[in-house]
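Below is one structure, written out as structure tokens, with a few remarks after it.
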Amino acid sequence: MLAFDLDFEKRLADVDKRIQGLQKKGSKLKGDERVKLNEYQQELETLMREVYGNLTTWQTVQVARHPKRPYTSDFIDLMCENFFELRGDRRYGDDRAILGGLASLDGETVVILGNQKGRDTKERMECNFGMSHPEGYRKVLRLLRHAERFHLPVITLVDIPGASPGLEDEQRGIAQAIAENLMVMSALRTPIITVVIGEGGSGGALGISVADRILMLEHSIYTVASPEAAAAIMWRDSAYAASAAEAMKITAKDLKQLRLIEEIIPEPLGGAHQDKAEVAASVKSAILRHLAELRRKSTEDLLECRYQRYRDIGRSAIANLPVGALP
Amino acid sequence: MSDDGKQATMPASMNGAHPDAAMRSLPDNLAVKCPKCRELLLGKDWERNLKVCPKCGHHAQLTAQERIDLLIDEESDFEQIDRDLVSNDPLKFVSLSGTDRSKLDGLADSTGLKESVVVGSGIIDGLPVMLVIMDFRFLGGSMGAVVGEKITHAIEIATYERIPLLIATASGGARMQEGVIALMQMAKTSAALARMAEAGVPYIVLLTDPTTGGVTASFAMLGDVTIAEPGALVAFTGPRVIEQSMHIKLPKDVGYAEYLLAHGMIDGIVHRRALKATIARLLHLYDDAEKAMN
């Protein structure tokens, strides 16, 4: 069943309501009603194409944050077999905002991990609304080292509003935990593939997404700071979040154009939450394709390509950059 | 290394002009009010005391040039690199608060800087060192593509030439106006530091007031040795933001250098007057170790 909960989906919801009204009648549907149903269904599809083909940046933010959007746990369930969760950072605790472990992906053992937001209120509290604490980044670090030790590829799924901004996070060194992951991931001797499945929020997202390939779901976002925070920082009012979102170029399409990501993975019409199985199949096949490519590289080559991938970022954003060899 | 050292110094017009608005300088810098305790001080005493308040000990922000002058040997030249790099506004950023382009021109005039970081090599107590000095006056020391490139370049040179790297941070974090390009500079600089660590070339971080956000969560927290100036605000999320977002009142010390030291995040807090000697001592230890290996 389709779900239309967002403010810009009002027209879709209206048509869908009419469709559901008719569908309820089931076999008792009269001939002219059957014609109507058909018309409504066509109208809905046309409308969905129109709306979802032309999402504004702010609408994309809403889809990326949709409460029914598939989470890391859904993707692991739908893509993998024999998931064996690894818990805890062995230093302080087990951050439920990071879900990760060993799993079998198309017969191959991988380390898969990602941000977990939590579906209902209780889960959301447990997961701190997806905002990782330092122990979450240190759990990731442990899983990364684990993957390297056993030559397992790493898949990371990004869906985080931002790293947790609390007192205890500062106490336990959230900045250090993220920074260490950036350094370790940049030189990890095994392939890393990141898929942004929802929100990629700031340093909190970056701390699990230094990778050989970054793929984004069609309606996901990746931001330097959440639109609300950016608006507050730049214009002293988070009410300008939509303008900030627009200006910061945060959609998959924007980032592909800026050559910051490798691929956009299409979503089912109406967003990933309309058909989780379909979107998981698309993500899985994209991961396997990129993994096969990365597998062909030697470790040294892989690391050099990864270094250059990041080394080049921003060079086209600089005027007066001298051309010439680096030392 | 390129660029001539002579031009690296600030234009003369800058001397005497007080960049820090909070410093509330009077005409000709005759008298200065401590930005923290408001003590009225003679400008020349303030300068002589390295912009540290003799009454309350507050360490006011230094410009990049002042920091360089404080650290490197008097007779040595600072050889600046990548001085002319500027952003080409990759997102064609649409701001609600006027064009950022004119703001940048104004900043360049008032600070004599083209970007928020100054990078180059110098000599400290006879030993060569690669210096990366951030300047908070320039867009809050924010990191965009140029800052990331200059820092990465400095790290690469230091690694290649096997000279220690010193980064003095002062930054609000990643530059919003360059979006994810700015964010990725955290990864770019960290990747270069991974290679530096692998090569066994020492990296010293000096945390100065203020250092927050993406800069804290990348190269600022990756030093082999990390020291801070007294009272420097150093955090991922600043205390004011924590209070606002969590609706709590924080203890006064949260987010400052002393708090980081107590929580095991840094190696020490050093008064500005002892800064050069402290760094020199460390450099000699590494230099002796390097010599012993060869």
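Computed from a predicted model, the values in this text were never measured in an experiment. Below, chains carry the letters A, B, ... as their sequence lines are ordered, and counting in each starts from 1.
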pair A:P165-B:F236: side-chain heavy atoms closer than 4.5 Å: no

Expected output: side-chain A:Q176 to main-chain B:A217 donor-acceptor under 3.5 Å: no

Basic-acidic side-chain contact under 4.0 Å: A:R189, B:E198: no

Reported CD1-to-OG distance for the pair B:I242 and A:S164, which is rounded to 0.5 angstrom: 9.0 Å

Donor-acceptor contact present, side-chain B:K188 to main-chain A:I313, <3.5 Å: yes

Donor-acceptor contact present, side-chain A:E170 to main-chain B:T237, <3.5 Å: yes

Per-residue contact mode, A:T223 against chain B (heavy atom under 4.5 angstrom): backbone

Chain B contact via A:I214 - side chain, backbone, both or neither, heavy atoms under 4.5 Å: side chain

B:V180 and A:L255: CA distance, side-chain angles, deciding distance, side-chain contact (heavy atoms from CB on, under 4.5 Å) verdict: CA-CA 8 Å; B:V180 175; A:L255 297 178; 4.0 Å; yes

Proximal component of B:M176, with respect to chain A [non-hydrogen, under 4.5 Å]: both

Derivation and outcome, side-chain contact (heavy atoms from CB on, under 4.5 Å), residues A:M248 and B:F93: CA-CA 7 Å; A:M248 289 191 297; B:F93 193 83; 4.1 Å; yes

salt_bridge(B:E149, A:R311) N-O dist < 4.0 Å: yes

Close side-chain approach of A:D254 and B:L91, heavy atoms under 4.5 Å: no

Side-chain donor/acceptor of A:N320 to backbone N/O of B:L85, under 3.5 Å: no

Spacing of B:M184 atom CE and A:L206 atom CG [to the nearest 0.5 Å]: 5.5 Å

Best-contacting candidate, A:A179, A:A232, A:A163, against chain B by heavy atom pairs under 4.5 angstrom: A:A179

Structural part of B:Y259 lying under 4.5 Å from a heavy atom of chain A: side chain

Most chain A-contacting option - heavy-atom pairs closer than 4.5 Å, from B:M221, B:R195, B:R175: B:R195

Among the listed options B:G255, B:G213, B:G238, B:A191, the residue most often paired with chain A at heavy-atom distances under 4.5 Å: B:A191

Nearest-0.5 Å distance, CG of residue A:L167 to NZ of residue B:K249: 12.5 Å

More than 12 heavy atoms from other groups under 6.0 Å of CZ on A:R259: no

Atom group of B:M186 that falls short of 4.5 Å from chain A, counting heavy atoms: both

Point-to-point distance, once rounded to the nearest 0.5 Å, from CD of A:E180 to OG of B:S190: 11.0 Å

Pair A:Y310-B:T152, side-chain contact (heavy atoms from CB on, under 4.5 Å): steps then yes or no: CA-CA 10 Å; A:Y310 285 91; B:T152 304; over 6 Å; no

CE (B:M246) with more than 12 external heavy atoms under 6.0 Å: yes

Between A:Q171, A:R172, A:K249, the one whose heavy-atom pairs under 4.5 Å with chain B are most numerous: A:Q171

Chain B interface, residue from A:I318, A:L321, A:L258 that has the most non-hydrogen pairs under 4.5 Å: A:I318

Options A:G203, A:S202, A:S316, ranked by heavy-atom pairs under 4.5 Å with chain B, top entry: A:S202

Region of B:A197 in contact with chain A, defined by heavy-atom distances below 4.5 Å: side chain

Winner by heavy-atom pair count (cut-off under 4.5 Å) against chain B, out of A:I178, A:D169, A:L303, A:V210: A:I178

Atom OH of A:Y240 with >12 non-hydrogen neighbours under 6.0 angstrom: no

More than 12 heavy atoms from other groups under 6.0 Å of NZ on B:K92: yes

Stepwise side-chain contact (heavy atoms from CB on, under 4.5 Å) check, B:Q177 with A:M234: CA-CA 9 Å; B:Q177 291 83 350; A:M234 291 186 294; 4.0 Å; yes

Distance-minimising heavy-atom pair for B:A174 and A:V224: CB-CG2, 3.5 Å

Most contacts with chain B, counted as non-hydrogen pairs under 4.5 angstrom, among A:G314, A:A175, A:G162: A:A175

